[in-house]
Amino acid sequence: MGNYAKTESTHYLQVALPTPLRRVFDYLPPKSGIDALSPGIRLKVPFGPRKLIGILIAITTKTDIPPCSLKHAEHVLDEQPIIPRDLLDLCRWVAHYYHHSLGETLSTAIPVALRQGKPVAQQTRKLWRLTYPAAEVPSNIARNAKLQLAAWQLLKQHLKGLHEPMLKSLGVSSQTLSALEKKGEVECILEELPTLHTMPQSILHEAPLTLNPEQAHVVQQIRQAAQQFQTFLLQGITGSGKTEVYLQLIEHTLKAGRQALVLIPEIGLTPQTLHRFEQRFAVPIVVIHSGLNDSERFLAWQKAIDYRAGIIIGTRSAVFTPLAKPGLIIIDEEHDASYKQQDSLRYSARDIAIYRARQTNIPIVLGSATPSLETIHNAKAHRYRHLRLNQRAGMAKPPSIELLNIRGETLQAGLSSALQQKITQHLEKDQQVLIFINRRGYAPTLLCHECGWAADCPDCDAHLTIHRQPAHLHCHHCDYQQPIPERCGRCNTASLFPVGAGTERIEDFLIGQFDPTPVIRIDRDSTRGKSRLQQLFKDIHQGEPAILVGTQMLAKGHHFPKVTLVAILDADSGLFSSDFRGLERLGQLITQVAGRAGRGTLAGEVVIQTHHPESPILNSLVTEGYDTFANTLLAEREKLGLPPYGYIGLFRVECKKHEEGEQLLLQLRELINQFLQHNNLNGPLGVTLLGPLPAPMEKRQNWYRWQMLVSSPARQPLHTAIAFAVHQLEGGNQMLVKLARKLRWSVDIDPQDMM
DNA sequence: AGCACGCCGACT
DNA sequence: GTCGGCGTGCTC
């Protein structure tokens with residue numbers, strides 16, 4: 001390509017920049033020329049008055065901008081693309097699908113270090129060895145320099161050298177080493193980290209478990225698709241051995257010289273999962289979670305892309321990790337809400353993962369005991385292969401589930417007397433009891449008995465939650481805190497009292513009621529600090545009789561073999577949730593916590609307190625199980641045209657002045673409706689608008705929140721309408737742009753909830 | 001989103 | 001006199 005010099009001026013660089021603007025920007029090639037520029041490299045470019053680091057998307061010969069107003073790219077940061085082709089393509093699709101800026105999408109996808117322009121260094125490890133093996137201690141090491149002498153002696157016994165981490169663990173500090181290096185006695189060699197190509201070791205540390213026939217069948221079915229795209233729904237009841245299936249699938253993937261990407265929910269069981277993986281596999285495993293700092297994240301990313309790790313385990317954002325040799329994707333607990341990002345780029349890691357699997361032509365496994373309705377629907381439509389694990393290892397029978405009528409009952413800290421009796425029975429048999437309540441703190445409301453005033457958050461439409469440890473009022477929506485007042489804020493009488501019960505209050509009550517049985521509370525407050533949660537789990541596993549009280553955290557993942565009674569205190573909040581997914585969530589929760597009851601050899605019992613024991617849907621769940629329950633919900637969703645039968649997007653607006661959000665959405669609605677009419681997309685088979693409506697919690701953190709729902713029985717018209725609307729908001733319509741400037745707006749495709 | 005520019009009010 | 005409030009415009 002020697003004739004670039006001639007045509008140089010007709011080439012333009014399309015660059016994605018970290019700005020919310022949904023377009024790419026064209027630049028002239030840098031002064032250094034266009035050679036060695038390929039999509040995926042980083043460029044430093046002038047952007048208005050500042051300099052930004054962008055990603056080169058494409059090199060074109062056309063531009064919509066008058067070429068005289070184009071600027072030159074200033075700097076080329078990479079020789080090789082740091083964003084591989086398929087990740088770039090993935091991000092383009094994501095940006096397009098979620099109507100988000102490509103530059104910001106790329107920023108979400110890559111480690112912070114990269115978007116800040118840090119150089120990509122070859123990953124190395126340091127090998128230290130003696131410069132020359134002398135028989136005697138060299139004279140330039142002082143006789144009293146004990147540490148240096150020890151280090152020298154050590155290295156003399158290992159003339160091939162020792163790696164720095166090894167030396168550290170043997171008590172040799174880097175100061176000692178650099179002191180010796182200065183004296184010319186030792187030298188440091190930078191070795192490239194080995195890739196899996198050159199790693200001679202075997203893949204496994206320990207032998208795999210023997211699979212039961214069901215598991216074996218599942219493994220075999222998925223292996224048959226080993227080299228091509230196929231989505232599997234692995235629906236396995238709690239305790240049916242899904243993880244072992246994952247492990248064996250990964251083993252086959254590794255043996256084929258490929259990598260596995262495993263996504264787990266956010267509050268996930270990272271330490272346990274990781275432990276099990278590390279026990280099994282001898283290949284390097286990389287874990288990506290919110291606890292990592294920037295450089296650790298960057299390291300993990302590099303290991304994945306350089307084929308230095310065989311298994312990549314991570315939460316939501318790990319779905320963007322590029323793989324050198326992709327072979328398998330696993331989404332554990334695929335129904336979990338934490339796979340959906342709830343701000344900025346509102347993506348679903350599960351859905352992106354499926355797209356990725358298709359793009360790279362590899363199988364993907366969605367595992368869950370309680371699959372989402374979307375996934376069940378796709379399985380029924382034969383877009384996914386539906387595989388099941390119905391056998392519970394070493395378990396006689398599934399737990400019995402009872403809907404306990406609490407209508408007219410006087411509750412003590414949220415517990416009915418019937419439930420208290422059951423607790424006594426189980427404790428007398430030396431067993432453990434698990435109480436589930438999705439509300440932390442002492443009580444959700446501080447109420448005045450005299451005038452009905454309640455302590456509210458000044459910044460949100462919400463009551464303040466009473467906490468006792470330490471004592472204060474706390475808003476769970478914006479983190480506002482204040483001391484507990486002694487007198488009513490309205491009538492000034494001293495008759496304030498807590499209404500309702502959260503985990504702290506229930507803990508208090510149980511301690512008094514079932515003394516001396518220990519009560520272990522597990523919620524976000526009781527598990528602050530690094531190893532608190534692990535310690536509490538350890539206590540539970542001692543197996544002594546105990547009552548566990550907790551939130552969501554208790555519903556996920558962990559096995560408690562001695563728990564035989566599980567109680568759900570506030571099922572009704574799920575029954576009457578303002579959100580259309582409320583019931584689905586409740587069903588998943590009940591099924592998941594029921595899976596916690598009676599593992600091992602002991603029979604389990606589940607009690608669900610409700611004011612509506614006759615509720616047909618709850619009864620169908622209890623007597624016929626999750627599948628039937630899900631079918632009922634699916635039928636309802638179909639009637640209402642809700643997902644998975646209809647596709648929805650949500651415009652969200654936050655504003656400081658109450659009416660401004662509504663105004664913007666009203667204007668937007670007018671424009672969209674005109675557009676729909678012009679394009680024959682109105683009517684029930686086209687696109688329908690609902691709203692603007694205030695969000696379920698209208699004010700939050702001093703922002704008023706409005707939303708407008710856009711829905712359609714087909715994906716394409718929905719997409720078209722939203723693309724049009726976004727374009728208008730972003731500059732197409734002057735009036736709208738003017739309104740939009742005063743507030744914050746965003747689009748949420750496939751919203752999880754309307755909160 | 002940033003950032004600059006520009007035009008009005010209350011300060012050492 | 002000027003420091004700084006935020007409305008407006010622009011980013012290849």
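Scope of the values below: all heavy atoms of this structure, side chains included, with no hydrogens, waters or symmetry mates. Each chain gets a letter, A, B and so on, in the order the sequences are listed, and its residues count up from 1.
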K.L.:
Test A/Ser372 against every option in A/Arg350, A/His335, A/Gln752 by the side chain to side chain donor-acceptor pair (under 3.5 Å) rule and name the one that passes.
P.N.:
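Single side chain to side chain donor-acceptor pair (under 3.5 Å) partner of A/Ser372 among A/Arg350, A/His335, A/Gln752: A/Arg350.
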K.L.:
Within a strict 4.5 Å, meaning less than it, do heavy atoms of the A/Leu743 and A/Leu664 side chains meet?
P.N.:
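The answer is yes, as the side chains (C-beta and beyond) meet within the 4.5 Å cut-off.
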K.L.:
Hey, do the aromatic rings of A/Phe675 and A/Phe724 have their centres closer than 6.0 Å?
P.N.:
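Yes.
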K.L.:
Taking side chain as C-beta onward, heavy atoms only, is A/Glu654 less than 4.5 Å from A/Gln701?
P.N.:
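Sidechains of A/Gln701 and A/Glu654: no contact.
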K.L.:
Would you mind reading off the distance between A/Ile53 atom CD1 and B/dA1 atom P, rounded to a whole angstrom?
P.N.:
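Atom CD1 in A/Ile53 sits about 21 Å away from atom P in B/dA1.
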K.L.:
Are A/Trp703 and A/His658 an aromatic pair by the rule of ring centers under 6.0 Å?
P.N.:
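No; A/His658 has its ring centre 6.0 Å or more from that of A/Trp703.
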K.L.:
Output the rounded distance in Å from CG (A/Leu345) to P (B/dA1).
P.N.:
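Rounding to the nearest Å, CG of A/Leu345 and P of B/dA1 are 15 Å apart.
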K.L.:
Centres of the A/His377 and A/Tyr645 rings: under 6.0 Å?
P.N.:
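Centroid distance A/His377-A/Tyr645: below 6.0 Å, so yes.
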K.L.:
Quickly work out the A/Asp343 CG to B/dA1 P distance and round it to whole Å.
P.N.:
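So the two atoms are 13 Å apart, to the nearest Å.
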K.L.:
Name every residue in residues 101-116 of chain A that has at least one heavy atom under 4.0 Å from any atom of DNA chain C, in order of residue number, or write none if there are no such residues.
P.N.:
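By residue number: none to list.
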K.L.:
Can you check nucleotides 10-12 of chain C for protein contacts, nitrogen or oxygen pairs under 3.5 Å, and list what you find?
P.N.:
residue, atom, partner, partner atom, Å
C/dT11, O3', A/Gly48, N, 3.1
C/dC12, OP1, A/Tyr27, OH, 3.0
C/dC12, OP1, A/Pro46, O, 3.0
C/dC12, OP2, A/Gly48, N, 2.9
C/dC12, OP2, A/Lys71, NZ, 2.4
C/dC12, O3', A/Asp26, O, 2.6
C/dC12, O3', A/Lys71, N, 3.1
C/dC12, O2, A/Asp26, N, 2.9

K.L.:
Between A/His99 and A/His727, is there a side-chain donor-acceptor contact under 3.5 Å, judged purely by atom types and distance?
P.N.:
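No, no side-chain donor-acceptor pair sits under 3.5 Å.
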K.L.:
Quick one: does A/Trp745's side chain get under 4.5 Å of A/Trp706's, heavy atoms only?
P.N.:
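Not in contact.
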